[in-house]
Amino acid sequence: MSVASLNLAQQDAVNHLRGPCLVLAGAGSGKTRVITQKIARLIQTGLDPKRVAAITFTNKAASEMRERARDLIGKAAGEVLICTFHALGVRLLREDGAAMGLKAQFSILDSDECLSLLKDCGTTTDAATARQWQWTISRWKNEGLTPEQAMEQATSESEREIARLMVLYHERLTAYQGVDFDDLIGMPLRMLKNHDAVRERWQQRLGHVLVDEYQDTNATQYELLKLLVGTEGNFTAVGDDDQSIYGWRGATLDNLKRLPLDYPRLKVIKLEQNYRSTSAILRAANNVIGPNPKLFPKRLFSELGEGEPVRVVDCDHEMHESERASARIQSLRASSVQKEWRDFAILYRANHQARLFEQALRRAQIPYKVSGGQSFFDRAEIKDLCSWFRLWINEDDDPAFMRAITTPKRGIGHQTMAQLGDLATKYRLSLFGALFSNSLGGVLSARAVGSLQEFGRFVNDLQHRAKHTIGEEAAKAFLTDWLKDIGYEKYLYDAEESEKLAAARWSNVLDFCEWMAGRCGGRIDDAAGASGGSDSKSLLEVAQTISLLSTLSEREQNPNVVTLSTLHASKGLEWPHVILAGVNEGLLPFRADEEAPAEAITARIEEERRLMYVGITRARQTLAVSWTRRRKKGREIIAAQPSRFIAEMALDKGTAREDPREKLKALRAEFALKAAITEQAAQAASKE
Ligand SMILES: Nc1ncnc2c1ncn2[C@@H]1O[C@H](COP(=O)(O)OP(=O)(O)OP(=O)(O)O)[C@@H](O)[C@H]1O
Ligand SMILES: [Mg+2]
């Protein structure tokens with residue numbers, strides 16, 4: 001691919017090598033292509049690949065970008081830092097976290113672990129309450145508040161209570177040498193703010209920073225970027241205000257508005273040609289997004305021809321809808337020899353909607369993957385193994401300690417663990433630290449102390465050996481011996497009632513170990529983007545990066561499959577044929593809290609509309625939008641309405657903005673007619 005495969009505006013963005021640059025453009029206009037091409041261009045003009053950083057929204061997007069960059073510039077792509085904001089945070093903290101009192105081998109706690117930590121700090125065992133605390137603390141952190149500032153700003157007693165918890169929670173995290181996901185942005189930010197030498201070093205090191213999906217950055221990410229690029233501001237951000245769909249997680253369009261104020265030299269480039277979708281699909285997308293207020297005027301056009309009309313599929317109920325989707329995929333695939341399973345995607349609002357589609361596809365023997373659903377790394381057996389690895393990296397990681405010492409069970413009872421915990425709290429030690437405390441003998445029997453310390457020595461020995469185990473064969477032998485030592489296979493067969501299930505879990509364990517060993521041999525790239533070389537690595541080094549990887553299963557699955565995905569997880573991606581399912585009032589838009597103030601409801605609907613826009617614009621050649629006349633809500637079956645977005649989508653340009661309510665009623669009637677017509681056509685087509 002050469003610069004010739006870019007239009008003039010894209011070339012402008014790619015050739016603007018120094019100073020701040022913002023590409024603001026609609027879906028499918030080639031923003032991500034600008035980023036990949038610009039990485040190549042920067043390197044071709046002499047910038048050391050190590051000085052280029054590209055930030056993507058997901059790990060998966062990072063590995064795709066790395067592949068594209070490799071096609072363009074070969075091996076040098078391996079040296080570019082291509083990763084998510086969170087992985088960049090990890091890199092910053094691993095290298096310089098000492099400035100913040102963090103050891104290089106700190107642990108990253110996942111959301112469940114943080115939740116149980118919060119439950120421990122507070123006075124509830126109720127998951128919903130704890131989740132509410134977690135959510136509030138996360139929001140404060142994303143606004144850049146420290147626990148002390150949160151305490152000062154709290155306005156109600158319940159906020160003060162949560163702020164007090166936040167203080168405790170942080171004390172515990174610090175004792176564990178652990179961080180949560182929000183800290184991966186917040187801590188590097190504070191580090192760069194407060195430590196001039198560290199900041200200057202990073203600013204000198206990074207020659208250019210590129211950010212994809214800029215519209216979904218939050219306030220702390222904005223600040224982090226600002227500190228990384230310094231006053232020179234050598235960065236390229238690309239985004240689309242109409243695709244901002246993470247407001248609920250703190251993403252803010254203010255980041256787009258602030259850029260020209262903070263960087264008066266900002267070069268703003270707009271792209272207007274869409275290279276992804278047919279005109280019919282693009283028109284539907286433009287009609288849906290039409291009623292939203294505009295940050296800047298946009299005119300997207302496509303030269304790919306009118307294409308098939310967008311099909312609205314009206315279904316009796318959800319089971320019917322999933323069967324229709326499966327039938328549509330089969331009939332489209334049968335209509336041409338060139339279509340592959342990977343050309344299809346079914347997109348929906350919420351994870352739980354996947355199940356019926358999975359069942360329908362299984363029945364039809366259509367291969368598929370669920371993306372954005374349970375990842376390989378969420379499986380219990382993989383989490384078990386990872387807890388051991390985490391302990392090798394950071395023995396003070398209490399949640400990992402608890403999990404490793406009890407899986408498999410090693411005859412250490414609850415009582416013993418509780419007393420160990422009390423001792424650790426009393427002397428402000430980690431659980432591992434408490435194992436070798438002199439006071440242990442005072443509270444526990446000699447036998448209990450013996451088994452605890454044996455465990456401690458075992459972990460230390462593993463740590464030491466993992467550090468010196470280098471290369472694939474050595475790693476494989478190490479892991480096999482270790483699994484035997486801890487008796488993990490037997491543990492799985494004892495724990496699982498069905499042998500078949502136990503065998504499947506054991507096979508996951510073996511696959512995982514094989515994969516890790518491969519990475520020690522330098523066989524597989526580091527999908528977290530933390531490094532890209534192809535040299536042999538020690539087992540300890542490999543273990544260090546795995547906690548951020550959640551894309552293993554996706555990468556290793558058969559790639560030629562239908563994708564099932566939530567709309568949120570479909571961002572940035574494209575498929576020739578897309579089915580948008582469950583496009584009902586109450587689901588998309590999701591039912592609003594009727595008590596909420598009017599502005600909140602309006603903002604909510606606007607975000608839902610952007611979500612619909614993201615969904616429509618994933619499609620390249622055909623798009624079907626389905627809704628159901630009845631749907632399940634809890635245990636009940638309720639009558640359901642098509643989403644207002646379906647009516648808006650079917651409008652001709654220009655008529656959408658008048659008199660919304662009355663207009664909508666009339667349009668729904670008109671739409672029902674259109675739907676019936678398209679329905680008949682669909683049935684005729686599937687009979688052919
Ligand atoms: N100049 C071009 N000529 C031909 N095809 C292009 C050009 N630019 C981009 N494309 C193709 O158009 C499609 C959309 O590009 P890309 O994914 O970069 O768009 P985007 O603006 O990042 O979309 P989104 O907003 O969904 O993230 C891709 O298949 C890409 O390869
Ligand atoms: Mg993109």
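Counting convention: from 1, in listed order, for ligands and their atoms alike. Keep in mind it's a predicted model, so treat the numbers as computed, not measured.
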J.: Please say whether Ala27 places an N or O atom under 3.5 Å from an N or O atom belonging to ligand 1.
T.: no
J.: Please lay out, stage by stage, how Glu223 and Arg258 fare under the test salt bridge (Lys or Arg N to Asp or Glu O under 4.0 Å).
T.: CA-CA 11 Å; Glu223 293 299 330; Arg258 277 173 68 183; 2.8 Å; yes
J.: Report the part of Ser5 in contact with ligand 1, treating N, CA, C, O as backbone and CB onward as side chain, heavy atoms under 4.0 Å; options are side chain, backbone, both, neither.
T.: backbone
J.: Kindly identify the option in Gln273, Glu303, Arg33 whose heavy atom sits closest to atom 30 (C) of ligand 1.
T.: Arg33
J.: Report yes or no: is the cationic atom of Arg333 (NZ for Lys, CZ for Arg) under 6.0 Å from the centre of the six-membered ring of Trp341, at an angle within 45° of the ring normal?
T.: yes
J.: Can you tell which part of Gln10 has a heavy atom less than 4.0 Å from ligand 1: side chain, backbone, both or neither?
T.: side chain
J.: Looking only at distance, does Gly28 have an N or O less than 3.5 Å from an N or O of ligand 1?
T.: yes
J.: Relative to atom 21 (O) of ligand 1, which among Glu213, Arg276, Lys31 owns the nearest non-hydrogen atom?
T.: Lys31
J.: Could you check whether any side-chain heavy atom of Ile39 comes within less than 4.5 Å of a side-chain heavy atom of Arg68, counting everything from C-beta outward?
T.: no
J.: Report yes or no: does Glu608 contribute a side-chain atom to a donor-acceptor pair with the main-chain N or O of Phe590 at less than 3.5 Å?
T.: yes
J.: Evaluate whether atom CZ of Arg205 has more than 12 neighbouring non-hydrogen atoms of other residues, nucleotides or ligands under 6.0 angstrom away.
T.: yes
J.: Main chain of Ala219, side chain of Glu143: is a donor-acceptor contact present, judged purely on distance under 3.5 Å?
T.: no
J.: Considering only protein heavy atoms, which is closest to atom 27 (O) of ligand 1, and at what distance to one decimal place?
T.: Gly572 CA, 3.7 Å
J.: Enumerate the atoms of ligand 1 whose separation from the nearest heavy atom of Arg618 is less than 4.0 angstrom.
T.: 26 (O)
J.: I'd like to know if the side chain of Lys31 and the backbone of Gly26 have a donor-acceptor N/O pair within less than 3.5 Å.
T.: yes
J.: What atoms of ligand 1 come within less than 4.0 Å of a heavy atom belonging to Leu6?
T.: 1 (N)
J.: Is it the side chain (CB and beyond), the backbone, both or neither of Glu574 that lies under 4.0 Å from ligand 1, heavy atoms counted?
T.: side chain
J.: What's the shortest distance from atom 11 (C) of ligand 1 to any protein heavy atom, and which residue and atom give it?
T.: Tyr275 CB, 3.8 Å
J.: Tyr368 and Glu358: side chain to side chain donor-acceptor pair (under 3.5 Å), yes or no, with the steps?
T.: CA-CA 8 Å; Tyr368 68 87; Glu358 282 195 65; 2.6 Å; yes
J.: Considering Gly26, Ala9, Gly30 one by one, which has a heavy atom nearer to atom 19 (O) of ligand 1 than any of the others?
T.: Gly30
J.: Report the C-alpha distance between Asn255 and Thr217 in whole Å, list the side-chain angles of each, state the deciding distance to 0.1 Å, and finish with yes or no for side chain to side chain donor-acceptor pair (under 3.5 Å).
T.: CA-CA 7 Å; Asn255 286 357; Thr217 51; 2.9 Å; yes
J.: Heavy-atom contacts under 4.0 Å between Asn7 and ligand 1: side chain, backbone, both, or neither?
T.: backbone
